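Reading through the structure tokens given below for one structure.
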Amino acid sequence: NVNDIVLIVNFVLNNTIPTEEEFLTADINQDSILNILDVIGVVSEILGTTFRGAVEWLMEKFPELEVERRLQELDKSIHFAK
């Protein structure tokens, strides 16, 4: 639920340090990194929306997450490879 989103947002913002179990559960795409893609994945799953819909929702609800900046900083060759 939304509480899960808040928890993962806090992990990504380094406001909270996840336990090993929390980290493994929050790493939605199982790449061993907690980042914006995991937050977007959780939002998409919970809200039943698209990637872009999740991004827009996060931009509105969590502006401090700076979703677009974080997406731009991702290594596209790793995270968006075909």
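Computed from heavy atoms alone, side chains included, the values below leave out hydrogens, waters and symmetry copies. Note that the structure is predicted; figures quoted are calculated from it, not measured.
- Looking at Leu34 and Phe23, their side chains come closer than 4.5 Å, going by heavy atoms from C-beta outward.
- Shown here is Glu45, whose CD atom has no more than 12 heavy atoms of other residues, nucleotides or ligands within 6.0 Å.
- When atom types are taken as modelled, the side chain of Asp38 and the backbone of Asn29 share a donor-acceptor pair closer than 3.5 angstrom.
- The CG atom of Leu37 sits 5.5 Å away from atom CZ of Phe51, with the distance rounded to the nearest 0.5 Å.
- Residue Thr25 comes nearest to Ile28 through the heavy atom pair O-CD1, 3.7 Å, listed as atom of the first residue, atom of the second, then distance.
- Using a cut-off of 4.0 Å between Lys/Arg side-chain N and Asp/Glu carboxylate O, Glu68 and Arg52 are scored as salt-bridged.
- Nearest approach of Ala54 to Val43, heavy atoms of both residues: CB-CG1, 3.6 Å.
- Side-chain contact check for Ile33 versus Asp27: every heavy-atom pair is 4.5 Å or farther apart.
- Within the model, atoms CG of Asn35 and CD1 of Ile40 stand 8.5 Å from one another, a figure rounded to the nearest 0.5 Å.
- Scanning all heavy atoms of the two residues, the minimum distance from Asn1 to Asp4 falls at N-OD2, 2.7 Å.
- With contacts defined as side-chain heavy-atom distances shorter than 4.5 Å, the pair Val67/Phe62 does not qualify.
- For the atom pair Met59 CE and Leu71 CG, the distance stands at 9.5 Å (nearest 0.5 Å).
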Determine, step by step, whether Ile36 and Val55 satisfy the side-chain contact (heavy atoms from CB on, under 4.5 Å) criterion, reporting the C-alpha distance in whole Å, the side-chain angles of both residues, the deciding distance to 0.1 Å, and the verdict.
CA-CA 9 Å; Ile36 192 62; Val55 167; over 6 Å; no

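- Counting non-hydrogen atoms of neighbouring residues, nucleotides and ligands closer than 6.0 angstrom, the CD atom of Glu21 reaches no more than 12 such neighbours.
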Compile the donor-acceptor pairs under 3.5 Å between side chains in residues 8-19 and protein atoms, sequence neighbours left out, one pair per line.
unit_1 : atom_1 : unit_2 : atom_2 : d
Asn10  : OD1    : Asn15  : ND2    : 3.2
Asn10  : ND2    : Val6   : O      : 3.1
Thr19  : OG1    : Glu22  : N      : 3.1
Thr19  : OG1    : Glu22  : OE1    : 3.4

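- In this structure, CG in Leu58 is found 11.0 Å from CZ in Arg70, a value given to the nearest 0.5 Å.
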